[in-house]
Amino acid sequence: MTKEEVAEILDDIATLLELQGENPFRANAYRNGARAVKNLPGDLGEMVRQGQLTHVPGIGSTLREQIASLVTTGRLPFYDELKASVPQGALQMLRLPGIGPKKVRALQQAGITDLEQLQQACQKGQVAAMKGFGEKTQQKILEGLAFLGEVGQRVRIDQATPIGQRLLQAVRSFPTVIRAELAGSLRRRRETCKDIDIVCSGDDAHAILQAFASRSEVRQVVGLGDTKCSVILEEVVDGHRIVINADLRVVTDEQFPAALVYFTGSKEFNIQLRRRALARGWSLNEYELNDGRRAIPLRHEADLFAALDLDFIPPELREDTGEIDAADRTTAPRSARLPRLIEVQDIRGVFHNHTTYSDGAATLEEMAHAARQLGFEYLGIADHSQSLTVARGLSPERVRQQLADIDALNRKFRGFKLLKGCEVDILVDGRLDYPDDLLAEFDYVVASVHTHFGLSEEQMTERICRAVRHPLVSMLGHATGRLLLRREGYRVNLDRVLQAASEAGTMIEINAQPTRLELDWHYCKRAKSLGIPLVINPDAHSVGELNYYVYGVDVARRGWLEADDVFNTRSLQEVQKAFRTQRKP
DNA sequence: GCCGTTTTCGGCCCGACTGTTTTCAGTCG
């Protein structure tokens, strides 16, 4: 069982305990445990066997035993019993806005155990009559039922970003607004967002909130108070209708720095920051940092960090995975420091891109032109290999033709070069889809899994490790095959894959397609610690998709990567040299 | 359930908003 699966079960247990009306702190302990497991460095099975879970904060004796049971037997009787005692419908009710564990419990005790019964009870007016409920709650449930599956779903970052940017510009243009910034997961550049958070400072909060609530893209005003407005937006992005929540919070300009930190989160990061303030007898909330006598004057976010003896922590790192310790100015000698994160302009080229030769929409020439427009020094072409017929994978003859075309084009370029690569399929047994003599003709080779997703974890891990160890493979393509919000990745032990890559000197791709965004940032951090170079690749199938590399930079930043950790920050010469030396005879 | 330079028991971040209430519980972030 993978770390992710174990973490999900612990998280489920937390939810089930809440639904049972258990002590909320006990439930929270399971959520913390889930997070701790997810962030563990290394192979969970190995750590359990070695007894290394003993010193992990957030995992005590009970969780340790339960995790061991899950890892060694794949089962946890406690979880099974808990699951059996809570009706499936209860979990679905939790997805309704405004409905939490307490209300679900009340409904269950009234004999309403699934969504269908809930709808009927609301229509008959029975829910409004229950203690603690009322007309409005009943109406809200009915509205929630109508939009279930639409509102409250997470949205990909490439879809949320343009909506957030437009909204932010609008807020900045409202009269009396002084400062405004995106906050929340969008500012932390998470792969997906549940809502769009904006914080602003201004003199007339009422007018600002009114202007926000009256925007044309607002479908519904969910809440409107003195300092805060919550709406549901409906917008079309790239031809897709997106429904997403948006919150605006208005504070005074003196409060803005503390508010921005607070609403940027993450929640776990905020808790740690607040604990740090408490530890010195201070207090921190969304308005101010107070030393017990007065609010400490803050002009910018960095002032708040400095007041707590911390270096400025970039939003992408605020996940409570060690960034506060790394930023701590009081520990001497500094054991760990915050990384100087990679930036978009550090990228000099990308390696995994398709053309009309296989399933791309643009020709070699068009792709090269677009890459030069982006200021790249080089562009790697890596079309699909022969067995991937659905993507018009290239036969050896066709791909040799492509290599000749690239040579011809390169003779025309000054200060720019097309690099010759391929995205070779990793066959079901871990062999590659081209013979070695052909692979040796490329400048570099990306190896990816596109078929047989249903293998067991053991088989898939072996399959990928074998490809990663192949002396002609330069980098592993999209490491787990996940499609965000649509498909889980295949079952694979990534810790073993990383180990194999580290030993073989094989690089690993950060696939910057916003539908994929893997290697997941948790593992980027781990890859870095193993000395594996990461490669940001847009996996572009058209000219426009070359721009996706910026989302790969987001992932890299969340994974603590510096420019030196990412292969495509190197110059053309360095890249070519590295590819050559990677292939030891 | 976890955790400990105040503690092995008694805490566990904290405020806004809503709706159902006559003073506050539940939800949310």
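Since we're looking at a predicted model, the values are computed, not measured. Reckoned from all heavy atoms, side chains included, excluding hydrogens, waters and symmetry mates. Order of the sequence lines sets the chain letters (A, B, ...), proteins ahead of strands, with each chain counted from 1.
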Asks: If the threshold is 4.0 Å, N to carboxylate O, is there a salt bridge linking A:R187 and A:E301?
Replies: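 Counted as a salt bridge, because a side-chain N and a carboxylate O are separated by less than 4.0 Å.
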Asks: Could you tell me whether A:D226 contacts a base, only the sugar-phosphate backbone, or nothing, with contacts defined as non-hydrogen atoms closer than 4.0 Å?
Replies: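 Contact class for A:D226: sugar-phosphate only.
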Asks: Residues of residues 29-53 of chain A with any non-hydrogen atom less than 4.0 angstrom from an atom of DNA chain B: list those, numerically ordered, please.
Replies: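 The stretch gives A:A29, A:Y30 as the residues lying under 4.0 Å from the strand, ordered by number.
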Asks: Regarding B:dG15, can its base be found pairing with the side chain of A:Y287 as donor and acceptor, where the two atoms are less than 3.5 Å apart?
Replies: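 Donor-acceptor pair under 3.5 Å: no.
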Asks: Verify salt bridge (Lys or Arg N to Asp or Glu O under 4.0 Å) between A:R241 and A:E234, making sure each step is shown before the conclusion.
Replies: CA-CA 7 Å; A:R241 200 173 62 98; A:E234 184 174 333; 2.9 Å; yes
Asks: Taking B:dT20 as the reference, what is the distance to B:dT27 when you measure between their C1' atoms (whole Å, please)?
Replies: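 Result for the C1' pair: 14 Å, nearest Å.
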Asks: Hey, does A:S283 reach any base, or is it just sugar-phosphate, or nothing, if we go heavy atoms under 4.0 Å?
Replies: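 The residue A:S283 makes no contact with any strand.
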Asks: When we call it a touch if two heavy atoms are under 4.0 Å apart, what does A:S230 touch: a base, just sugar-phosphate, or nothing?
Replies: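 Counting heavy atoms under 4.0 Å across all strands, no contact is made by A:S230.
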Asks: Contact class for A:L17 (heavy atom, under 4.0 Å): base, sugar-phosphate, or nothing?
Replies: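 Nothing: the residue A:L17, judged by heavy atoms under 4.0 Å, touches no strand.
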Asks: Rounded to whole angstrom, note down the P distance from B:dG19 over to B:dC12.
Replies: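 One P to the other, the span is 30 Å.
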Asks: By nearest heavy atom, map A:E286 and A:E135 onto DNA chain B; which one lands nearer the 5' end?
Replies: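 Whichever sits nearer the 5' end wins; that is A:E286.
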Asks: Whole angstrom is fine here: how far is it from CZ in A:R275 over to P in B:dT5?
Replies: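 Distance, rounded to whole Å: 13 Å.
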Asks: With C1' as the reference atom in both, quote the distance from B:dT8 to B:dC3 in angstrom, rounded to an integer.
Replies: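 That atom pair is separated by 9 Å.
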Asks: Would you mind telling me which of B:dG29, B:dC12, B:dG19 lies closest to the side-chain atoms of A:F25?
Replies: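 Within the option list, the nearest is B:dC12.
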Asks: What nucleotide among B:dG29, B:dG1, B:dC3 has an atom nearest to a side-chain atom of A:D247?
Replies: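 Between B:dG29, B:dG1, B:dC3, the one nearest the side chain of A:D247 would be B:dG29.
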Asks: Identify, between A:Y262 and A:G225, the residue whose nearest nucleotide on DNA chain B lies closer to the 5' end.
Replies: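 So the residue in question is A:G225.
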Asks: A:P24 near the nucleic acid: base, sugar-phosphate alone, or nothing, with a heavy-atom cut-off under 4.0 Å?
Replies: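 Touches nothing.
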Asks: So what does A:G132 touch, heavy atoms closer than 4.0 Å: a base, only the sugar-phosphate, or nothing?
Replies: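 Since only primed, P, OP1 and OP2 atoms lie under 4.0 Å of A:G132, the category is sugar-phosphate.
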Asks: In whole angstrom, what separates A:L273's CG from B:dG15's C1'?
Replies: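 Whole-Å distance recorded here is 16 Å.
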Asks: To the nearest angstrom, how far is A:K228 atom NZ from B:dG15 atom P?
Replies: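 Those two atoms, NZ and P, are 14 Å apart.
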Asks: Under 4.0 Å between any heavy atoms, over every strand shown, what does A:I99 touch: base, sugar-phosphate, or nothing? Just pick one.
Replies: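 Sugar-phosphate only.
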Asks: Are A:Y30 and A:E22 side-chain neighbours, meaning at least one heavy-atom pair lies under 4.5 Å?
Replies: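 SC-SC contact between A:Y30 and A:E22 ruled out.
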